[in-house]
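Worksheet for the structure shown next.
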Amino acid sequence: MINRKLVVFVSFCILSISSFAQTRLDSIRNKLFAPENKNVLVASHRGDWRNACENSIEAIDNAVKMGVDIVEVDLARTKDGHLILMHDSKLDRTTTGKGLVADHTLAEIKALQLRNGCHIKTIYKVPTLEEALLFAKGRVMLNLDKAFDYFDQVYTLLEKTGTTDMVIMKSDAPADYVKKNYGKYLKKVVFMPKINLDDKNAMQRLDDYLQIINPVAVEFKFVSDLNRLPYDVKNAMKGRARIWYNTLWNTHAGGHDDDCSLVDPDEGYGYLIDSLGASILQTDRPAYLINYLKKKELKKKWECIENWDYLSVENEWTMQTSPNFDVEEVFLKGKHTPATNEDGIIVTPYFAAVIDGATAKSELEIDGKKTGRIAMELVIEAIHDFPKDIDANEALKRITEKIHSFYVQHRLLEELEKTPGSRFTANGVIYSYEKNEIWQIGDCQCLFGNTYSSNEKEIDAIMANARAVVNEIALLNGATPDDLLSNDPGRNFIYRFLQQQAILQNNPDKNQPYSFPVFDGFPINMHQVRIFSIGNHTQIVLSSDGYPCLFPTLRESECYLMNILENDPLCMRQYKSTKGIKKGNCSFDDRACLKIRINR
């Protein structure tokens, strides 16, 4: 029988997320329409095409989850007049079909499957523009490329779907032509001109656009740094409109592209922002750019901590050494006291790991310890006894058996089989020297080279958004931030679901979209465990989710955290979490960070 209270709760969460999403779109638009605002907006080229099929719903979804502000997609029209997401005029490269898009009906194209960037057939389908608009509605802005010739048809769809406020149209058509033919749309739809700064009349065309259309942004391109017009553009646009550059290829922004930024992001992204005044960057590496912008903002606030002595004075970790890697930085601190800290760190000759015991959702305690603390300790004990050549599958099996044996020893197994919310649960990220791999289970984090994985659970993001909405409503109804710190109505609201959410952990149903792996004494779905090969990288950082974002140095991660704790102690705006800071605690969660250098 369906639990009606749960149905009502889930329905509210869906409405809450919808409300949150609209707020997010409003935030993006507010920044877009404020050219003096220093925030750099991130546009993702064809969505997140490196991890999903380009111009697919999945690519849009991935980009939104990364935190991009704008997703660029391309349009084409079918034989029977439907607008679909497709970059090429032909189907051959991105689908299982062949021939021109214009020679096929929508039904024929819908029968095809999309190919990924390696030309491998996937299960995904070509979306229509209408489907993309409805999916992205309220969540992100869409930049429609190859759409100008269909402006009338596009606008009809925007009106139909109620999405006129989330679309950017663009073209290099003359300003007077745009005004004459499409001026009726420009009060509702954002139009962005495109200008090639290598053209002789580039500055005249810019002046025409600024005078006739007054755009909120202009997209520029130039091949070489020998062109000095980008500096003139910076002055001409200051305070009037945002400057957009593409970092996709070296010929679009004078060589300051994504590849340049992988080697030296300050020379790539940083040059476009600081020297040329770019405030919108379109990239093929959105996660990398977002991370760079976070670090760039962090450097401005580096003085947030004047005295770093606490990193040694308050560190709860007992030094452990290994002949195979050096511990370069380490910090372990409980949100309340060392005795209640549910995060742990272990270093052995062949393993290094950060383990995060999950906050207990029951009153069960053993010897004065909560279930998350005990789970963390059991995992660390299991790792301590690992043989050096153990693989991920066997390692996680041993950890599972360790916790399972504890249940049997304390006669808890039968009860915990029935009540997942009471299980002794932990997450972890483990480095194996012999396998040269990182094994990521749950929402602990890892960073090596340009690879960063937070592994945030989708269900946690949903709950965090629902909590934020409930608290925002409380503020509108007269509550103060101090009231919410003392009594968090959002946390209270989602707590009953957090207790039931445990049914999703290690759920054996492989088709369950919200399931996730944890250490809890029950079998782990290995297909959900993330395994990273480290290759030639010699430096890795492991941490719990007590850090909202992980950076290459401990000070950077601490500074980012301190900025959030100072400006968003409720963790509901700048950083959305399922909980904020409780009275008497120093942070919203325990935290552990370990940086090691591998000796080979």
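Since this is a predicted model, take the numbers as computed values, not measurements.
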Residue pair [X] / [Y], side-chain heavy-atom distance below 4.5 Å:
X	Y	answer
Glu342	Thr359	yes
Glu377	Lys369	yes
Leu542	Ile438	yes
Lys579	Asn585	no
Val379	Lys402	no
Leu281	Thr283	no
Asn599	Asp326	yes
Lys296	Asp274	yes

With under 30° as parallel and over 60° as perpendicular, where do the rings of Phe331 and Tyr310 fit, or are they tilted in between?
perpendicular

Is the backbone N or O of [Y] less than 3.5 Å from a side-chain atom of [X], with the two atoms forming a donor-acceptor pair by type?
X	Y	answer
Asp356	Asp343	no
Thr400	Pro523	no
Gln500	Arg496	yes
His404	Phe522	no
Thr122	Leu114	yes
Gln445	Tyr547	yes
Thr94	Asn116	no
Gln320	Val347	yes
Asp48	Ser44	no
Arg115	Arg93	no

Salt bridge or not between [X] and [Y]? Use side-chain N to carboxylate O under 4.0 Å.
X	Y	answer
Arg139	Asp61	yes
Glu458	Lys65	yes
Arg573	Asp568	no
Lys418	Glu414	yes
Arg555	Glu329	no
Lys370	Glu365	yes

Could you walk me through whether Arg591 and Cys586 pass the side chain to side chain contact (heavy atoms under 4.5 Å, CB included) test, one step at a time?
CA-CA 11 Å; Arg591 63 191 190 269; Cys586 65; 4.3 Å; yes

Surrounding CD1 of Ile531 (heavy atoms of other residues, nucleotides or ligands, distance under 6.0 Å), is the total greater than 12?
yes

Could you tell me whether Tyr124 atom OH has more than 12 heavy atoms of other residues or ligands within 6.0 Å of it?
no

